[in-house]
Amino acid sequence: MATYKTVALVLRRIPLGEKDKIVTLFSRDLGKLRAVAKGSRKPTSKLSGASEPLLLLRASLAEGSSLDVLSEAEVREAFPKLKSDYGRFLRATYACELLEKVMEERDPHPESFDLLLSTLYILQHAVQADTALHAFELQLLAQIGYEPQLSACIRCDNPFDTDYPPVGYSPSRGGALCIPCTEFLHGEAMPCNATTILLLERLTQLTDAKALAGLELPDEALTEINRILRAHLRYRIEREIKSLGMLDALRLEQQTIARNP
Ligand SMILES: [Zn+2]
(Lines give C-alpha, C1' and ligand atoms only; values in the text may rest on other atoms or scores of the structure.)
Protein backbone atom coordinates (compact mmCIF):
# COMPACT_ATOMS: atom_id res chain seq x y z
CA MET A 1 0.00 0.00 0.00
CA ALA A 2 1.48 3.35 -1.05
CA THR A 3 1.97 5.87 1.72
CA TYR A 4 2.53 9.62 1.69
CA LYS A 5 3.05 12.52 4.09
CA THR A 6 1.46 15.93 3.95
CA VAL A 7 0.86 19.07 6.00
CA ALA A 8 -2.87 19.55 6.46
CA LEU A 9 -5.56 21.33 8.45
CA VAL A 10 -8.42 19.24 9.87
CA LEU A 11 -11.64 20.80 8.58
CA ARG A 12 -14.20 18.31 9.86
CA ARG A 13 -14.68 14.86 11.33
CA ILE A 14 -17.63 12.53 11.47
CA PRO A 15 -17.92 9.32 13.47
CA LEU A 16 -17.71 6.06 11.58
CA GLY A 17 -19.10 3.15 13.55
CA GLU A 18 -18.05 2.76 17.18
CA LYS A 19 -14.31 3.10 16.76
CA ASP A 20 -13.39 5.15 13.71
CA LYS A 21 -13.78 8.64 12.32
CA ILE A 22 -13.75 10.06 8.82
CA VAL A 23 -11.70 13.25 8.76
CA THR A 24 -11.80 15.88 6.05
CA LEU A 25 -8.32 17.32 5.65
CA PHE A 26 -7.17 20.31 3.66
CA SER A 27 -3.65 19.57 2.53
CA ARG A 28 -1.40 22.35 1.27
CA ASP A 29 -0.12 20.32 -1.66
CA LEU A 30 -3.01 17.91 -2.33
CA GLY A 31 -6.16 19.93 -1.61
CA LYS A 32 -9.23 18.62 0.19
CA LEU A 33 -9.22 14.92 0.98
CA ARG A 34 -11.13 12.55 3.21
CA ALA A 35 -9.48 9.78 5.18
CA VAL A 36 -10.40 7.17 7.76
CA ALA A 37 -8.77 7.56 11.18
CA LYS A 38 -9.02 3.98 12.40
CA GLY A 39 -9.60 3.46 16.11
CA SER A 40 -9.60 7.21 16.73
CA ARG A 41 -12.88 7.21 18.66
CA LYS A 42 -11.16 5.25 21.42
CA PRO A 43 -9.68 7.69 23.95
CA THR A 44 -6.52 5.59 24.20
CA SER A 45 -5.82 5.85 20.47
CA LYS A 46 -2.83 7.92 19.39
CA LEU A 47 -5.06 9.43 16.72
CA SER A 48 -7.87 10.38 19.09
CA GLY A 49 -6.58 13.90 19.84
CA ALA A 50 -5.13 14.42 16.37
CA SER A 51 -8.31 13.80 14.39
CA GLU A 52 -10.37 16.77 15.60
CA PRO A 53 -11.16 19.98 13.68
CA LEU A 54 -8.96 23.09 13.97
CA LEU A 55 -5.62 21.31 14.10
CA LEU A 56 -2.61 21.68 11.87
CA LEU A 57 -1.11 18.25 11.28
CA ARG A 58 1.90 16.64 9.77
CA ALA A 59 0.01 13.58 8.58
CA SER A 60 1.03 10.20 7.19
CA LEU A 61 -1.57 8.53 5.01
CA ALA A 62 -1.87 5.21 3.24
CA GLU A 63 -3.77 4.86 -0.01
CA GLY A 64 -6.95 2.83 0.42
CA SER A 65 -9.37 1.26 -2.03
CA SER A 66 -12.14 3.81 -1.36
CA LEU A 67 -10.83 6.22 1.27
CA ASP A 68 -7.21 6.73 2.27
CA VAL A 69 -6.22 5.88 5.83
CA LEU A 70 -4.73 8.37 8.28
CA SER A 71 -2.02 6.24 9.83
CA GLU A 72 -0.05 8.78 11.86
CA ALA A 73 -0.55 12.43 12.77
CA GLU A 74 1.68 14.86 14.58
CA VAL A 75 -0.08 18.00 15.83
CA ARG A 76 1.92 21.06 14.74
CA GLU A 77 -0.55 23.71 15.99
CA ALA A 78 -3.69 23.34 18.09
CA PHE A 79 -4.94 26.97 18.16
CA PRO A 80 -5.75 26.93 21.91
CA LYS A 81 -7.20 30.47 21.91
CA LEU A 82 -9.81 29.43 19.36
CA LYS A 83 -10.95 26.61 21.59
CA SER A 84 -11.19 28.65 24.79
CA ASP A 85 -13.44 31.37 23.31
CA TYR A 86 -16.81 30.26 21.90
CA GLY A 87 -17.18 33.29 19.59
CA ARG A 88 -13.74 32.81 18.04
CA PHE A 89 -14.30 29.05 17.85
CA LEU A 90 -17.56 29.51 15.90
CA ARG A 91 -15.92 31.93 13.46
CA ALA A 92 -13.02 29.55 12.87
CA THR A 93 -15.47 26.67 12.41
CA TYR A 94 -17.39 28.72 9.85
CA ALA A 95 -14.17 29.58 7.96
CA CYS A 96 -13.31 25.85 7.75
CA GLU A 97 -16.83 24.93 6.65
CA LEU A 98 -16.94 27.65 3.97
CA LEU A 99 -13.62 26.48 2.57
CA GLU A 100 -14.75 22.86 2.66
CA LYS A 101 -17.92 23.73 0.72
CA VAL A 102 -16.14 25.61 -2.09
CA MET A 103 -13.26 23.18 -2.66
CA GLU A 104 -13.38 20.11 -4.87
CA GLU A 105 -11.59 16.98 -3.61
CA ARG A 106 -7.93 16.57 -4.62
CA ASP A 107 -7.78 19.99 -6.25
CA PRO A 108 -4.78 21.74 -4.66
CA HIS A 109 -5.14 25.39 -3.66
CA PRO A 110 -2.00 26.23 -1.66
CA GLU A 111 -2.94 29.92 -1.60
CA SER A 112 -6.26 29.03 0.08
CA PHE A 113 -4.44 26.79 2.55
CA ASP A 114 -2.15 29.71 3.46
CA LEU A 115 -5.16 32.03 3.73
CA LEU A 116 -7.07 29.70 6.09
CA LEU A 117 -3.98 29.02 8.21
CA SER A 118 -3.20 32.71 8.57
CA THR A 119 -6.89 33.45 9.33
CA LEU A 120 -6.89 30.88 12.15
CA TYR A 121 -3.82 32.57 13.68
CA ILE A 122 -5.37 36.04 13.26
CA LEU A 123 -8.74 34.94 14.73
CA GLN A 124 -6.95 33.91 17.93
CA HIS A 125 -6.18 37.50 18.85
CA ALA A 126 -8.06 39.82 16.45
CA VAL A 127 -9.57 42.90 18.12
CA GLN A 128 -12.69 42.34 16.00
CA ALA A 129 -13.04 38.72 14.91
CA ASP A 130 -15.78 39.48 12.35
CA THR A 131 -13.53 41.90 10.46
CA ALA A 132 -10.86 39.21 10.08
CA LEU A 133 -13.53 36.71 9.08
CA HIS A 134 -14.99 38.98 6.38
CA ALA A 135 -11.48 39.54 4.98
CA PHE A 136 -11.15 35.75 4.79
CA GLU A 137 -14.49 35.39 2.97
CA LEU A 138 -13.59 38.10 0.43
CA GLN A 139 -10.08 36.79 -0.20
CA LEU A 140 -11.26 33.20 -0.55
CA LEU A 141 -13.95 34.34 -3.02
CA ALA A 142 -11.25 36.18 -5.00
CA GLN A 143 -9.07 33.06 -5.09
CA ILE A 144 -11.87 30.96 -6.57
CA GLY A 145 -13.09 33.67 -8.98
CA TYR A 146 -16.30 34.64 -7.16
CA GLU A 147 -15.24 38.00 -5.75
CA PRO A 148 -17.68 40.92 -5.75
CA GLN A 149 -17.07 43.64 -8.34
CA LEU A 150 -16.43 46.76 -6.29
CA SER A 151 -14.44 49.29 -8.30
CA ALA A 152 -16.88 49.78 -11.19
CA CYS A 153 -20.66 49.42 -11.52
CA ILE A 154 -21.62 45.79 -12.20
CA ARG A 155 -24.37 46.86 -14.63
CA CYS A 156 -22.95 49.79 -16.65
CA ASP A 157 -19.24 49.21 -15.90
CA ASN A 158 -18.51 52.89 -15.18
CA PRO A 159 -15.70 53.18 -12.60
CA PHE A 160 -16.61 54.64 -9.22
CA ASP A 161 -15.06 57.77 -7.73
CA THR A 162 -16.14 60.44 -5.26
CA ASP A 163 -18.35 62.10 -7.91
CA TYR A 164 -19.76 58.78 -9.08
CA PRO A 165 -20.21 56.72 -5.92
CA PRO A 166 -21.67 53.24 -5.46
CA VAL A 167 -25.01 53.39 -3.61
CA GLY A 168 -26.32 49.85 -4.05
CA TYR A 169 -25.36 46.21 -4.37
CA SER A 170 -26.78 43.50 -6.59
CA PRO A 171 -26.25 40.05 -5.00
CA SER A 172 -27.46 38.20 -8.11
CA ARG A 173 -25.06 40.09 -10.44
CA GLY A 174 -22.33 40.09 -7.78
CA GLY A 175 -21.28 43.71 -7.58
CA ALA A 176 -21.84 47.32 -6.55
CA LEU A 177 -24.17 49.67 -8.42
CA CYS A 178 -24.07 53.37 -9.34
CA ILE A 179 -27.03 55.68 -8.62
CA PRO A 180 -28.86 55.30 -12.01
CA CYS A 181 -28.37 51.50 -12.01
CA THR A 182 -29.56 51.21 -8.38
CA GLU A 183 -32.71 53.09 -9.42
CA PHE A 184 -33.12 50.95 -12.54
CA LEU A 185 -32.72 47.70 -10.56
CA HIS A 186 -34.71 48.88 -7.55
CA GLY A 187 -36.29 45.45 -7.10
CA GLU A 188 -33.04 43.55 -6.67
CA ALA A 189 -30.61 46.27 -5.52
CA MET A 190 -29.69 46.44 -1.84
CA PRO A 191 -29.08 50.08 -0.87
CA CYS A 192 -25.70 50.60 0.82
CA ASN A 193 -23.18 53.27 1.73
CA ALA A 194 -20.26 54.13 -0.56
CA THR A 195 -17.92 53.71 2.45
CA THR A 196 -19.08 50.09 2.88
CA ILE A 197 -18.05 49.29 -0.71
CA LEU A 198 -14.67 50.94 -0.06
CA LEU A 199 -14.26 48.84 3.10
CA LEU A 200 -15.12 45.65 1.21
CA GLU A 201 -12.42 46.56 -1.31
CA ARG A 202 -9.93 47.22 1.47
CA LEU A 203 -10.68 43.90 3.17
CA THR A 204 -10.22 42.06 -0.14
CA GLN A 205 -6.71 43.48 -0.47
CA LEU A 206 -5.54 43.62 3.15
CA THR A 207 -3.29 40.61 3.77
CA ASP A 208 -1.01 41.96 6.50
CA ALA A 209 -1.82 39.80 9.54
CA LYS A 210 -0.94 42.44 12.11
CA ALA A 211 -3.02 45.12 10.39
CA LEU A 212 -5.99 42.75 10.06
CA ALA A 213 -5.82 41.66 13.69
CA GLY A 214 -5.83 45.28 14.85
CA LEU A 215 -8.48 46.61 12.47
CA GLU A 216 -11.68 47.78 14.09
CA LEU A 217 -14.68 48.91 12.06
CA PRO A 218 -17.82 50.73 13.27
CA ASP A 219 -20.71 48.39 14.12
CA GLU A 220 -22.96 49.83 11.38
CA ALA A 221 -20.30 49.21 8.71
CA LEU A 222 -19.77 45.67 9.97
CA THR A 223 -23.53 44.98 9.89
CA GLU A 224 -23.77 46.23 6.30
CA ILE A 225 -20.69 44.26 5.19
CA ASN A 226 -22.21 41.14 6.74
CA ARG A 227 -25.55 41.74 5.00
CA ILE A 228 -23.94 42.24 1.56
CA LEU A 229 -21.52 39.33 1.86
CA ARG A 230 -24.23 36.98 3.08
CA ALA A 231 -26.45 37.82 0.11
CA HIS A 232 -23.50 37.57 -2.29
CA LEU A 233 -22.50 34.14 -0.94
CA ARG A 234 -26.07 32.84 -1.11
CA TYR A 235 -26.03 33.28 -4.89
CA ARG A 236 -22.64 31.66 -5.35
CA ILE A 237 -22.54 28.81 -2.89
CA GLU A 238 -25.61 26.71 -3.24
CA ARG A 239 -24.87 24.42 -0.31
CA GLU A 240 -26.07 25.19 3.20
CA ILE A 241 -23.40 26.30 5.67
CA LYS A 242 -24.52 24.82 8.97
CA SER A 243 -22.29 26.81 11.35
CA LEU A 244 -23.75 30.07 10.02
CA GLY A 245 -26.98 29.61 11.99
CA MET A 246 -25.06 29.31 15.27
CA LEU A 247 -22.87 32.27 14.37
CA ASP A 248 -25.94 34.42 13.60
CA ALA A 249 -27.52 33.49 16.93
CA LEU A 250 -24.32 34.44 18.75
CA ARG A 251 -24.02 37.78 16.90
CA LEU A 252 -27.64 38.62 17.75
CA GLU A 253 -27.06 37.78 21.40
CA GLN A 254 -23.91 39.94 21.51
CA GLN A 255 -25.75 42.87 19.87
CA THR A 256 -28.59 42.59 22.39
CA ILE A 257 -26.12 42.59 25.29
CA ALA A 258 -24.30 45.62 23.78
CA ARG A 259 -27.59 47.54 23.53
CA ASN A 260 -28.88 46.56 27.01
CA PRO A 261 -25.80 46.18 29.17
ZN1 LIG B 1 -24.22 51.71 -13.28
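Numbering of ligands and ligand atoms starts at 1, following listing order.
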(request) For Leu212, enumerate each residue passing the side-chain contact (heavy atoms from CB on, under 4.5 Å) test, keeping only those at least two apart in sequence or located in another chain. (result) Ile122, Ala135, Leu203, Leu206

(request) Mark yes or no for whether Arg12, through its side chain, and Ile22, through its backbone, hold a donor-acceptor pair below 3.5 Å. (result) no

(message) Any side-chain to backbone donor/acceptor pair from Lys19 onto Lys38? Under 3.5 Å, distance only.
(response) no

(message) Rounded at 0.5 Å granularity, tell me how far CG in Leu177 sits from CE in Met190.
(response) 11.0 Å

(request) Enumerate the protein N/O/S atoms at a distance below 2.8 Å from the Zn ion (ligand 1), ignoring waters. (result) Cys153 SG, Cys156 SG, Cys178 SG, Cys181 SG

(request) Tell me, please, which residues at least two apart from Arg202 pass salt bridge (Lys or Arg N to Asp or Glu O under 4.0 Å). (result) none

(request) Tell me, please, which residues at least two apart from Phe79 pass ring-ring contact (aromatic ring centres under 6.0 Å, His included). (result) Tyr121

